[in-house]
Amino acid sequence: MKHDFQTIEAKWQKKWDEVNAFAATNDYTKPKYYTLVEFPYPSGNGLHVGHPRSYTALDIVSRKRRMQGYNVLFPMGWDAFGLPTENFAIKNHIHPRIVTERNVARFKAQLKSLGLSFDWNREINTTDPSYYKWTQWIFLKLFEKGLAYKKKMSVNFCTSCKVVLANEEVVNGVCERCGAPVIHKVKEQWMLKITAYADRLIDDLEDVNFIEKVKTQQINWIGRSTGAEVVFETTAGDPLKIYTTRPDTLFGATYMVIAPEHEYIDLWKDKLKNYDEAVSYREAATRKSDFERTELAKEKTGVKLDGVRAINPVNGREIPIFISDYVLSGYGTGAIMAVPAHDDRDWEFAKKFDLPIVEVVAGGDVTQAAFTDVETGKMVNSGFLDGLEVAEAKKKIIEYLTDRGIGVKKINFKLRDWVFSRQRYWGEPIPLINCEKCGWVAVPESELPLTLPEVDSYEPTETGESPLALMTDWVNCKCPKCGGPGKRETDTMPQWAGSSWYFLRYCDPHNDKALASKEALEYWMPVDWYNGGMEHTTLHLLYSRFWAKFLFDIDVLKEKEPYKKRTSHGMILGENGEKMSKSRGNVVNPDDIVKEYGADTMRLFEMFIGDFEKSAPWNPQSIKGCKRFLERFAGLTDLAKGKGTTPALEKSLHKTVKKVSEDIEAMKFNTAIAAMMSFINEIYDAGALTFDELATFSAILAPFAPHLAEEVWAFCGGKGLVSLAPWPVYDEGKTADDEIEFPIQINGKVRAVVTLTAGAGKDEILAKAKSDEKIAAALEGKTVVKEIVVPGKIVNIVVR
RNA sequence: GCGCCCGUGGCGGAAUUGGCAGACGCGCCGGAUUUAGGUUCCGGUUCUUACGAGUGCAGGUUCAACUCCUGUCGGGCGCACCA
């Protein structure tokens with residue numbers, strides 16, 4: 001058989017569609033398996049060769065699970081709200097909905113051409129009002145439970161785009177898109193209280209099977225630290241509260257630092273002799289852009305407050321107070337005790353301002369550098385703590401402070417609440433109404449979805465308000481509570497909103513009574529295997545886990561974690577080893593590959609390109625190897641004859657089935673393919689195989705190259721579709737070799753290889769080894785010191 | 001700066017977790033088929049001065065190290081003054 005991929009691929013894709021081969025059924029009695037890949041943002045550029053890497057990988061898993069008899073849910077959809085679409089719409093005066101429709105159509109055609117076994121009956125789109133109705137519903141539930149609140153805060157504002165930017169859109173202090181400087185503006189923003197879930201977001205990671213890297217990233221992002229809050233009296237009479245993770249070093253605190261924004265600066269206005277200097281420092285600090293702040297981080301700056309001093313509570317010493325921007329107002333209490341001997345930043349600051357450095361933990365040389373080790377070292381110069389280990393000292397000092405009411409154990413997080421407002425058009429409207437009498441009132445559930453009004457211009461306003469603010473007809477409405485005049489919220493939700501719960505909608509995508517039925521959620525959730533890019537492992541994963549936990553709390557979900565298993569794929573780079581981008585001119589279009597080589601070759605190549613979890617450069621030369629492999633596979637139809645199995649190939653086939661089965665689970669797709677390549681080489685050496693063997697081979701190849709596998713399966717007389725045929729089982733006994741080749745080492749160097757039956761004992765192995773000519777020669781005249789025999793592995797004879 | 005990961009032929013990468021380093025593929029070399037090119041098939045392909053040497057470099061543990069430990073250099077990712 002020739003591998004005429006154009007005909008074969010069209011034929012089987014049509015067939016799969018006709019019989020709805022990959023539809024997940026609502027038969028809740030069958031064992032289920034939910035495989036999920038991140039749904040793409042349908043950009044105007046079309047599919048990137050990186051997309052199929054993840055999609056093919058989980059397509060392989062999904063196809064294998066179907067063959068193993070599971071009811072598989074492997075869905076696809078569109079994360080279609082977002083800035084590039086809105087910008088394209090503004091530039092070309094086309095409605096973003098039209099742009100989205102076009103892009104989706106292109107993406108869908110591209111995905112379909114790859115033969116991915118998505119259940120297209122469950123396709124979703126975050127911009128569809130029947131979808132975002134439920135995004136709004138979840139938001140209202142959060143609002144109802146007090147987890148959504150409005151807060152005045154400093155936001156990033158692009159001076160050129162005149163748009164408020166999310167933190168993620170600010171790269172090195174400039175606008176990610178146009179490169180113009182970003183300044184801070186104070187605006188009221190809707191916030192989600194994700195910090196209320198900080199502990200659970202860390203602790204529940206214990207119960208899930210995420211790759212370690214992802215777990216640590218989540219943990220680091222949340223940034224939980226344990227320490228103490230300690231109150232220092234001041235000469236002004238106002239107690240100054242600080243946060244520290246090293247209360248054990250309290251005796252070494254030689255000065256204090258408060259953030260430039262700290263309220264005490266104004267409180268102490270009359271007491272400070274250099275109030276003006278402090279204020280001008282504060283102004284300089286807030287005027288600095290993020291860019292300058294990070295750039296200037298190398299050099300410490302600050303102002304010593306003249307007129308107020310703090311008192312160290314353990315030794316009664318008066319110490320100076322500084323303001324410096326190395327202390328952040330948003331973390332802890334916005335004030336610290338500085339222990340230069342045991343903190344790098346404090347040490348640097350102390351050196352610059354010539355402040356005393358008092359060693360309180362022995363073990364380093366604090367004249368040279370701060371000694372920050374907490375594992376070793378004993379307390380010194382610390383009164384009643386002297387001689388204790390750091391850990392003991394921590395306990396004791398906290399007890400001491402607690403007893404006197406001047407300190408308490410305290411846990412802090414780096415995680416901040418989620419800024420949920422965007423001043424944009426192309427996003428979900430926030431369904432709230434502001435009434436002068438009643439305050440913020442939820443749009444009644446019966447009025448959801450609150451759809452986006454048609455506007456003439458999508459451009460953001462000069463003031464940074466959403467374009468929706470100009471739609472006075474839409475904005476002015478009645479208060480649902482009192483019937484008085486109300487104004488709608490004009491901010492929309494961030495792109496993260498729609499993707500924070502999409503995996504739930506797939507369970508029951510057409511439900512208009514709930515985001516999904518209870519039964520569907522109970523059956524399908526949690527997601528069994530979720531694969532996606534490392535770039536989404538902090539925010540998207542954190543946000544969606546947060547929403548899932550909230551939905552668990554309000555009894556929508558039965559599971560507290562949405563994803564059982566999370567894996568990640570490496571990026572596909574350009575031929576030159578750099579990230580693919582238009583500007584670098586190294587972008588590969590998947591359509592071209594599919595056209596020239598076919599979908600099966602493309603799929604195989606993407607999986608063979610290297611270690612799945614690592615990034616790999618695109619190598620057009622190597623595609624040939626995958627193409628040849630499939631041609632040789634198709635050519636096996638000319639060698640097939642007879643029934644049953646041939647003894648010579650039987651063992652190899654069992655081994656290959658085992659290897660492929662195991663490698664798929666371990667995401668070692670490259671070695672699974674290598675094993676199948678080796679097997680095919682063996683068949684060509686043997687010169688013949690049976691139809692049964694070829695059918696079995698088709699079955700294990702089917703997840704990787706489904707179209708050709710169907711064709712060959714049909715040729716062998718296989719029943720129905722190979723995509724739905726049972727996954728081949730291997731006989732463990734037939735995967736073991738009868739004879740084993742033993743390398744024989746002399747002093748750790750291989751000198752000979754002898755062949756023995758698998759069950760041979762130590763003595764037999766050794767006897768055979770010594771009878772080997774080369775070994776005998778090597779042993780002559782030498783004294784044997786030691787003989788190591790590892791059955792099934794190796795023999796090493798140590799001689800002198 | 002801190003945290004995590006990675007360094008193996010000309011290239012992408014294997015190595016059952018401490019047991020024959022270089023599977024599989026690309027590329028390259030030689031041969032066959034072909035008028036020729038391409039395709040296909042067969043053989044070879046870590047280096048070597050042929051003794052050996054060899055998994056970035058220098059040490060260590062071990063009968064045995066790509067694998068474990070220490071130091072060091074190089075690359076990637078994440079966080080970035082979080083007290």
Side-chain angles (χ1 to χ4, degrees), chain A residues 211-217 219-221 223-225 227-228 242-247 249 253 256-257 259 290 293-294 296-298 300 324-339 342-346 348-349 372 412-416 534-535 537-538 568 570-571 573 577 604-605 608-611 613-629 631-632 635 659 662 668 670-681 684 741-753 785-790 792-799:
Chain A
I211 50 174
E212 239 9 77
K213 220 185 353 178
V214 172
K215 279 194 189 180
T216 40
Q217 261 185 45
I219 291 167
N220 291 343
W221 188 266
R224 179 162 62 190
S225 74
I242 61 101
Y243 173 72
T244 179
T245 54
R246 295 294 304 275
T249 61
M256 316 281 289
V257 187
D290 290 343
R293 250 193 149 141
T294 43
L296 298 172
K298 282 139 203 155
K300 295 266 182 295
S324 173
D325 62 4
Y326 86 89
V327 171
L328 308 172
S329 64
Y331 184 79
T333 61
I336 61 157
M337 66 172 196
V339 185
H342 304 288
D343 181 278
D344 292 323
R345 296 149 304 187
D346 297 345
E348 229 177 275
F349 192 89
T372 55
N412 261 326
F413 299 93
K414 289 188 201 173
L415 185 72
R416 301 296 143 83
M534 273 317 279
E535 67 273 21
T537 49
T538 38
S568 235
M571 250 195 298
L573 307 170
L604 213 53
F605 176 61
F608 191 60
I609 197 165
D611 184 334
E613 297 188 44
K614 289 191 200 138
S615 56
W618 186 261
N619 180 358
Q621 294 274 21
S622 301
I623 302 174
K624 278 192 204 162
C626 296
K627 180 178 171 245
R628 280 184 199 147
F629 167 68
E631 279 164 0
R632 278 158 69 79
K659 175 86 178 144
E662 290 173 354
K668 290 163 83 173
N670 53 341
T671 51
I673 293 167
M676 290 189 278
M677 286 172 166
S678 295
F679 181 55
I680 217 168
N681 291 343
Y684 273 96
E741 292 193 333
F742 272 91
I744 311 300
Q745 298 182 330
I746 304 284
N747 289 347
K749 280 180 187 149
V750 179
R751 295 295 177 199
V753 175
V785 182
K786 205 170 181 182
E787 289 166 338
I788 293 117
V789 181
V790 185
K793 299 268 192 198
I794 207 164
V795 175
N796 189 12
I797 300 170
V798 186
V799 298

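So that the names make sense, note that chain A is the first sequence line, chain B the second, and so on, each numbered from 1.
Considering every non-hydrogen atom in both A/G625 and A/M677, the closest pair reads O-CE, 4.2 Å. Listed here is the closest heavy atom pair of A/C626 and A/F605: SG-CA, 3.6 Å. For the residue pair A/Q217 and A/T538, the shortest heavy atom distance occurs at OE1-CG2, 3.6 Å. Taking every heavy atom of both residues into account, A/V799 and A/N747 meet most closely at N-OD1, 2.9 Å. The shortest non-hydrogen separation linking A/L604 to A/F629 is CD2-CD2, 3.4 Å.
Comparing the P positions of B/G75 and B/G31 gives an interatomic distance of 44 Å, to the nearest angstrom. Using atom P as the reference point in both B/C68 and B/U48, the two lie 30 Å apart (nearest Å). Between the P atoms of B/A53 and B/C66, the separation comes to 13 Å (whole Å). Using atom C1' as the reference point in both B/A15 and B/A21, the two lie 7 Å apart (nearest Å). Straight-line distance between the C1' atoms of B/G22 and B/U8: roughly 8 Å, to the nearest whole Å. Spacing between B/C41 and B/U46 at atom C1', rounded to whole Å, works out to 27 Å. B/A64 sits 16 Å from B/U55 when the P atoms are compared, rounded to a whole Å. Separation of the P atoms belonging to B/C28 and B/G37 is 15 Å when rounded to the nearest angstrom.
Here B/C20 presents its C1' atom at 12 Å from NZ of A/K793, a figure rounded to the nearest Å. Following rounding to the nearest Å, A/M534 (CE) and B/C5 (P) show an atom-to-atom distance of 12 Å. Rounded to whole Å, the distance from CD1 on A/I680 to P on B/G25 is 10 Å. Atom P of nucleotide B/A83 and atom CG of A/L328 are separated by 10 Å, given to the nearest angstrom. Atom-to-atom, CG of A/N220 to P of B/C2 comes out at 15 Å; the value is rounded to the nearest Å. To the nearest angstrom, P of B/C42 lies 10 Å from OH of A/Y684. What separates NE2 of A/H342 from C1' of B/C81 is a distance of 19 Å, to the nearest Å. Atom-to-atom, CD1 of A/I211 to P of B/C77 comes out at 16 Å; the value is rounded to the nearest Å.
In this structure, A/K624 reaches the sugar-phosphate backbone alone: every heavy-atom distance under 4.0 Å involves primed, P, OP1 or OP2 atoms, never a base. Note on A/T538: nothing from the nucleic acid sits closer than 4.0 angstrom, heavy atoms only. A/N412 comes within 4.0 angstrom of nothing in the nucleic acid, heavy atoms only. Residue A/S324 is classed as having no contact, given no heavy-atom separation below 4.0 Å to the nucleic acid. Within the nucleic acid shown, A/T216 has no heavy atom closer than 4.0 Å to any nucleic acid atom. When heavy atoms are screened at a 4.0 angstrom cut-off, A/K215 is found touching no nucleic acid atom at all.
Taking the O4'-C1'-N9-C4 or O4'-C1'-N1-C2 dihedral as appropriate, B/U46 has a value more than 90° from 0 and is therefore anti. Glycosidic torsion of B/G60 falls outside 90° of 0, placing the base in anti.
Pair check for B/G7 finds B/C73; Watson-Crick or G-U wobble, both atom distances under 3.5 Å. Using Watson-Crick or G-U wobble geometry with both donor-acceptor distances under 3.5 Å, B/U35 finds no partner in any strand shown. Under the Watson-Crick and G-U wobble criteria, each requiring two contacts below 3.5 Å, nucleotide B/G22 is left unpaired. Remark: B/U16 base-pairs with no nucleotide in the shown strands. Criterion, Watson-Crick or G-U wobble with two distances under 3.5 Å. In this structure B/U45 sits in a base pair with B/G27, meeting the Watson-Crick or G-U test at under 3.5 Å. For B/G78, the paired base is B/C2 (Watson-Crick or G-U wobble, both distances below 3.5 Å).
Among B/C20, B/C6, B/C79, the nucleotide with an atom closest to any side-chain atom of A/W221 is B/C79. The listed nucleotides are B/G3, B/C41, B/C20; the one nearest the side chain of A/E741 is B/C20. Nearest to the side chain of A/N681, among B/A83, B/C24, B/G13, sits B/C24. The A/K786 side chain lies nearest to B/C63 when the options are B/G78, B/A83, B/C63. In the set B/A83, B/G19, B/G13, B/G19 carries the atom at the smallest distance from any side-chain atom of A/I788. When each of B/A23, B/C20, B/G25 is scored by its nearest atom to the side-chain atoms of A/V750, the top-ranked nucleotide is B/C20. The side chain of A/E631 lies closest to B/U40, out of B/U40, B/G19, B/A83. Proximity note for A/D343 (side chain, C-beta onward) versus B/G27, B/A83, B/U16: the nearest is B/A83. The side chain of A/Q745 lies closest to B/C20 when the candidates are B/C20, B/C79, B/C26. Considering only side-chain atoms of A/S622, the nucleotide from B/C63, B/C26, B/G13 that sits closest is B/C26.
Phosphate proximity of B/G27 to A/R628: present, with a side-chain N or O under 4.0 Å from OP1 or OP2. For B/G27, neither phosphate oxygen OP1 nor OP2 lies less than 4.0 angstrom from any side-chain nitrogen or oxygen of A/N619. Under 4.0 angstrom from either OP1 or OP2 of B/C20 there lies no side-chain N or O belonging to A/R751. When the side-chain nitrogen and oxygen atoms of A/N670 are compared with OP1 and OP2 of B/A14, one or more of them lie within a distance under 4.0 Å. Phosphate contact (OP1/OP2 of B/A83, side-chain N/O of A/Y331, threshold under 4.0 Å): present. Side-chain N/O atoms of A/K749 include one lying less than 4.0 angstrom from OP1 or OP2 on B/A53.
Looking at heavy atoms from C-beta onward, A/E613 lies out of side-chain contact with A/K213 at the 4.5 angstrom threshold. Residues A/M256 and A/I242 are in side-chain contact: their nearest non-hydrogen atoms beyond the backbone lie under 4.5 Å apart.
Put simply, the side chain of A/N412 never gets that close to the backbone of A/S225: no donor and acceptor are under 3.5 Å apart. When atom types are taken as modelled, the side chain of A/N670 and the backbone of A/I609 share no donor-acceptor pair closer than 3.5 angstrom.
One donor-acceptor pair, N or O on each side, does fall under 3.5 Å between the base of B/C81 and the side chain of A/K300.
Nucleotides of RNA chain B nearest to A/V790 and A/Q621 differ in position, and the one nearer the 5' end is that of A/V790. Heavy-atom nearest nucleotides on RNA chain B were determined for A/I623 and for A/K668, and the one closer to the 5' end corresponds to A/K668.
Cation-pi geometry between A/K300 and A/Y326 is satisfied (NZ or CZ under 6.0 Å from the ring centre, within 45° of the ring normal).
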